[in-house]
Structures are given as structure tokens and as C-alpha cells.
Amino acid sequence: FCSSRILVRNNGIKKMDVRNYVTYSASSISFPIGRKLEQSQLMRRTMSVDTTTNHLDYLKFNEDNANKTVVVGMSGGVDSSTSAYLLKEAGYNVIGLYMKNWDATDEYGVEQCPAESEFIDVESVCNYLNIPVHRVNFVKEYWQEVFTPFIDGYENGLTPNPDVLCNKQIKFNKFLHKAKELGADYVATGHYVRTAYEYDYNSATNEKRIKLLSALDQSKDQSYFLSFVNADALQNVIFPVGNMYKEDVRKIAKEAGLPTADKKDSYGICFIGKRDFRDFIDGYITSKPGYFRNVENINEIVGTHESCVFYTIGQQSRISGAKHKWYVCDKDYFTNAVIVANSRSHPSLYCDSVVLKTCNFHWVNNNKPPSKLSGFNGDGEMEGTCRIRHRQLMTPCRFKLSGDDLIVKFDSPQYAATPGQICALYCTDGIECYGGGIIEEKGETYYEMGHTEMVGINDTDGNHAF
């Protein structure tokens with residue numbers, strides 16, 4: 001196992017030993033000391049890697065690291081703060097860089113997104129670590145490359161995910177270029193993902209490539225959000241907390257005395273801030289009132305709504321005056337109708353496949369699909385796992401290329417597959433993320449197949465996420 005040599009700093013940083021939190025195996029991605037895993041779990045989670053370039057090596061102290069500069073993307077949270085701390089203690093020349101991606105001052109002059117308070121926290125951590133901090137403004141780029149497509153998606157009746165585009169266009173594009181301007185040899189972020197190099201023995205050239213891996217802490221895994229990022233952008237990026245559990249990250253931060261050690265995690269979309277989503281989106285999209293219609297009798301109107309853009313598939317509709325709960329199972333953007341079902345387990349909410357367009361799918365391996373995909377098992381179909389939303393359990397599936405389509409077939413019924421959202425594909429053990437794409441359309445629902453009920457479906461089946 002590797003250890004990080006902790007130096008006593010003159011600026012008051014507390015001395016600690018991180019060997020209990022970060023571990024390394026010469027033949028595998030490994031786990032914190034003291035955490036017991038069954039052998040079957042260990043076999044599922046480990047993979048052979050090129051240990052000379054494994055990214056966990058970057059957390060080992062080396063006197064030569066003083067000649068290498070790491071620019072850390074600082075958000076003001078505990079994860080990026082701890083990442084900067086670990087790299088500082090590994091001996092690197094560390095620079096903090098804060099991105100402002102949204103001008104959150106609304107028409108009343110009120111900061112809805114706490115960008116300024118976040119930067120104050122960033123400065124506090126950087127001052128504590130005695131590292132320089134810079135600030136870069138990507139507001140214009142974010143508006144053009146993330147927010148505008150987000151609004152366009154909603155205007156077309158879709159439910160887009162801006163975080164995936166932000167990672168692709170801003171954090172692992174514009175930010176990387178800015179970091180290089182500051183002299184970065186490496187870039188680091190507080191994302192819960194991992195990377196590793198491996199020789200692809202299935203390719204004709206046995207080429208060496210970098211893999212995007214899911215995090216050790218699956219409850220915090222962010223590989224879904226990085227599924228549009230290609231291998232070139234990941235080449236010199238370090239993810240210090242990707243091989244740790246969140247609770248251990250906080251322990252490290254507290255023992256090190258970091259100012260953000262007890263700061264709560266932030267959730268949701270930054271540009272919405274504390275505002276209600278409906279109030280926010282209404283300021284950018286023209287509302288079109290319409291009807292809620294019963295999926296079992298499309299002519300039956302069960303209520304009215306202000307606009308279908310306020311609803312997404314799988315969501316409880318909260319129809320005024322309704323005697324029982326209704327759930328959104330579809331939207332007809334042309335008639336502005338929201339189609340609803342009278343039960344969360346209604347078969348109209350479940351399907352067994354989604355269709356993605358190959359032109360909109362992003363393979364992490366520089367837009368090259370896995371070499372096994374073509375002709376695998378003789379029918380061009382490949383086994384794997386997938387997620388059709390963040391924090392979803394890995395779902396066993398099969399996928400294949402068919403002309404311009406990439407068809408993903410689930411091994412079990414899936415709840416609320418939503419056009420416009422992202423489907424991320426993984427290997428069979430759920431460790432390597434192959435890439436992600438926008439769901440073009442969901443497959444036939446079980447109601448459309450003729451089923452009148454979903455037998456055995458409960459709140460834990462079908463990967464509910466609402």
C-alpha cells in the first residue's frame with residue numbers, strides 16, 4: 001500500500017496520516033483499509049491496470065512533485081478542498097482555480113446562486129493551504145454552450161441535463177485550457193470518479209487507453225455526469241477523492257482543519273439556486289396551458305396545467321382536486337397534453353428499451369465504441385449495464401448498433417425512461433463507463449404491449465428515482 005508522507009507546515013495545517021483512507025494495489029483498484037468486502041464483491045470491483053500510470057500514484061509523496069504544477073478546480077465544497085489538500089501534501093505546486101459560470105444577480109439584484117459566498121470559501125481554503133487562487137469567468141460560454149441547449153430542450157418537450165453538458169463544454173474543455181495557461185502539468189477536481197490506463201487487447205493494435213471508472217463510493221459516483229467527456233480530456237486529470245468514501249473525505253478534511261470540513265453538500269442546478277424550478281423556467285419559456293389526460297382513456301380530462309414543460313415522466317403530477325395520486329407517463333408537446341397514470345406501478349410508466357442516436361452518443365474512448373461491440377456473440381449485441389438517470393442502480397442491459405441508432409435493451413422493466421435525459425453505458429460489472437448519449441425515444445411501454453398491471457413491482461424495483 002502507498003502512503004502519503006505528511007509534512008508539518010508552518011502555516012498551521014494539522015498533521016495527519018491518510019494511509020487509512022487512500023490505498024493502492026499493484027494489480028488492482030483497491031479500497032480503504034479496514035473496509036471488508038466479500039470475495040465476490042472484490043472480484044466484481046477490481047480490474048487489471050497499468051500500474052506505472054495509475055492515477056492513484058499521484059497521491060504518493062515524491063520530492064520531484066515540487067517541480068510539477070497541479071491546478072485544482074475549486075468549488076468551495078469539501079471535496080475540492082480535500083483534493084487540493086491531498087495534492088499539496090503529496091508535494092505538488094498547487095494552484096486553486098474557481099470558475100464563475102452563471103451571473104446569478106436577478107432583476108432585484110439578489111444573488112440566487114451563492115457564487116460570491118462560494119468564492120469566499122475557496123479563498124479561505126487556499127489561504128489556509130498557502131496556495132495561490134485564481135478566478136475565471138465562463139458566464140458567456142456557459143450561456144451559449146450549456147444554458148441555451150438546456151432551454152431549447154425544454155421548448156421541444158424534452159428533459160435535458162445541463163450538468164453533463166457543463167462537464168463536457170466547460171469543466172473539461174474551457175477550464176483545462178485556462179489551467180494550461182497557468183502552467184498546469186495536471187488538473188484535479190473533486191469529482192467522485194476514477195481513471196486508469198489499460199491496454200486494449202481487443203483492438204488490432206493493443207493500444208493503451210485511459211478508462212473512466214465509477215467511484216468507489218457508489219452513492220456519490222459522478223461518472224454519469226462525465227459520460228460525455230472524452231479520453232483526451234482525461235489524460236492529465238487527477239480525481240483524488242474518487243477512490244474514497246465520502247465519510248472518509250470529511251474525516252480527512254476535519255483532521256486537516258480545512259475551513260470547509262463541515263460545509264453541507266450542494267445539490268441541484270446552480271443557475272436555479274434557491275428559486276422554485278417552475279418560477280425559474282417560466283421566465284425563459286412561454287407557458288402554454290393544457291390538460292392532464294388519463295392514459296387509459298385519452299378523452300378523459302382529469303385536470304388542467306399551466307405548461308407541460310413543468311413536468312417530467314415519472315413525476316407525481318399533483319393535480320388540484322384529484323382524489324388520488326397521478327403520475328406523468330408521457331407528454332404530447334404538440335397538443336400540450338400531459339398524459340397521466342393513476343398508479344406509480346402502472347405499466348405505462350415502464351419500458352424495456354430506449355433508442356439513442358449514434359450521432360449524439362459520446363464514447364469516452366475518443367468517440368470510438370468498444371471493439372467488442374461489432375459482431376459480439378455473432379449478432380452485434382454487447383452485454384453491459386446502464387443508467388438512465390443519476391444515482392440510479394446499475395441496470396443490466398444489452399446494446400447494439402443498428403444503422404444510425406444505438407438500441408439499449410434492459411434486462412428488467414425500467415421506470416420513467418425520459419427523452420432528453422442521458423443514458424450512460426457501462427461494462428457488465430458497472431466499473432468502466434463507456435460513454436453516454438441523449439435518449440431519443442423510449443421503447444414501447446408495457447401498457448402499449450397489452451399489460452394491465454406490473455406484477456411484483458414495488459418501490460425498489462424498476463429503479464425508481466422520484
Side-chain angles (χ1 to χ4, degrees), residues 11-14 70-89 92 94-106 110-139 141-142 146-147 162-163 166-167 169-172 174-176 178-179 182 184 186-193 215 217 220 222 225-226 237-242 244-275 390:
N11 61 0
I13 300 176
K14 294 182 180 179
V70 181
V71 173
V72 181
M74 303 291 289
S75 66
V78 65
D79 301 320
S80 59
S81 300
T82 304
S83 296
Y85 167 77
L86 291 172
L87 292 165
K88 174 77 171 179
E89 296 307 301
Y92 292 100
V94 178
I95 298 173
L97 181 58
Y98 174 79
M99 293 174 285
K100 182 173 182 178
N101 295 333
W102 184 260
D103 187 354
T105 304
D106 64 13
V110 178
E111 277 279 357
Q112 298 291 345
C113 184
E116 294 307 315
S117 62
E118 287 174 353
F119 185 65
I120 291 173
D121 289 339
V122 168
E123 283 189 309
S124 178
V125 171
C126 290
N127 288 337
Y128 180 74
L129 295 176
N130 194 27
I131 63 175
V133 59
H134 297 265
R135 186 173 183 170
V136 61
N137 189 314
F138 290 136
V139 170
E141 293 85 351
Y142 190 93
V146 179
F147 185 69
D163 294 324
C166 180
N167 281 319
Q169 302 292 0
I170 307 298
K171 294 180 182 178
F172 292 89
K174 305 294 190 298
F175 178 84
L176 295 185
K178 182 62 179 180
L182 295 174
Y186 304 106
V187 168
T189 75
H191 285 96
Y192 281 84
V193 296
D217 189 340
K220 295 295 180 181
Q222 293 174 297
F225 292 126
L226 269 67
V237 181
I238 307 170
F239 300 105
V241 302
M244 302 180 192
Y245 288 92
K246 179 72 177 202
E247 62 190 75
D248 292 334
V249 172
R250 285 206 179 274
K251 287 178 183 178
I252 292 173
K254 288 180 180 180
E255 291 178 25
L258 296 180
T260 55
D262 294 316
K263 185 175 179 180
K264 293 182 179 180
D265 292 338
S266 60
Y267 297 98
I269 303 172
C270 177
F271 56 71
I272 294 178
K274 297 179 180 179
R275 289 168 288 191
H390 176 48

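Listed here is the closest heavy atom pair of Ser80 and Gly76: OG-N, 3.9 Å. Across every non-hydrogen atom of Tyr98 and Ser75, the tightest pair is CE1-O, 4.2 Å. Minimum heavy-atom separation, Ala215 to Val193: CB-N, 4.0 Å. For the residue pair Pro132 and Cys126, the shortest heavy atom distance occurs at O-SG, 4.4 Å. Here the shortest heavy-atom pairing between Asp217 and Met244 reads CB-O, 3.6 Å.
Side chain of Arg135 to main chain of Met99: no donor-acceptor pair is present (N/O by atom type, distance under 3.5 Å, no hydrogens or angles). Between the Gln222 side chain and the Tyr192 main chain, a donor and an acceptor come within less than 3.5 Å of each other.
Residues Phe138 and Val146 fail the side-chain proximity criterion, which asks for heavy atoms closer than 4.5 Å. When side chains are defined from C-beta on, Val125 does not count as touching Val133, because their heavy atoms never get closer than 4.5 Å. Contact annotation: the side chain of Leu87 never approaches that of Tyr186 to less than 4.5 Å [non-hydrogen atoms, C-beta and beyond]. Side-chain contact between Cys166 and Tyr142 is present, with heavy atoms from C-beta onward closer than 4.5 Å. Under the 4.5 Å side-chain criterion, counting only non-hydrogen atoms from C-beta, Lys100 is not in contact with Phe119. Side-chain contact between Phe147 and Trp102: present, with at least one pair of heavy atoms (C-beta onward) separated by less than 4.5 Å. Using a 4.5 Å cut-off on side-chain heavy atoms (C-beta onward), Lys171 and Thr189 make no contact. The closest side-chain heavy-atom distance from Val94 to Leu129 is not below 4.5 Å.
Rounding to the nearest 0.5 Å gives a distance of 14.5 Å between OH of Tyr92 and CD1 of Ile131. To the nearest 0.5 angstrom, Ile170 atom CD1 is 14.0 Å from Lys178 atom NZ. Between atom OH of residue Tyr245 and atom NZ of residue Lys251 there is a gap of 12.0 Å, rounded to the nearest 0.5 Å. Here the CD1 atom belonging to Ile238 is positioned 9.5 Å from the OG atom belonging to Ser83, to the nearest 0.5 angstrom. Here the OG1 atom belonging to Thr260 is positioned 10.5 Å from the OH atom belonging to Tyr128, to the nearest 0.5 angstrom. Between atom CE of residue Met74 and atom CD of residue Glu123 there is a gap of 11.0 Å, rounded to the nearest 0.5 Å.
Between His191 and Phe172, the ring-plane angle classifies as tilted under the 30° and 60° cut-offs. Note: Phe225 and His390 have tilted aromatic rings, judged against thresholds of 30 and 60 degrees for the angle between ring planes.
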Working note: Leu176 + Val237, criterion side-chain contact (heavy atoms from CB on, under 4.5 Å); need CA distance, chi angles, decisive distance, verdict. CA-CA 9 Å; Leu176 295 185; Val237 181; 4.3 Å; yes

Leu258 and Ile252: CA distance, side-chain angles, deciding distance, side-chain contact (heavy atoms from CB on, under 4.5 Å) verdict: CA-CA 9 Å; Leu258 296 180; Ile252 292 173; 6.0 Å; no

Decide yes or no on salt bridge (charged side-chain N to carboxylate O under 4.0 Å, His left out) for Lys220 and Asp79, but give the supporting numbers first. CA-CA 11 Å; Lys220 295 295 180 181; Asp79 301 320; over 6 Å; no

I would like to know whether Val136 and Lys174 meet side-chain contact (heavy atoms from CB on, under 4.5 Å); could you show each step before the answer? CA-CA 10 Å; Val136 61; Lys174 305 294 190 298; over 6 Å; no

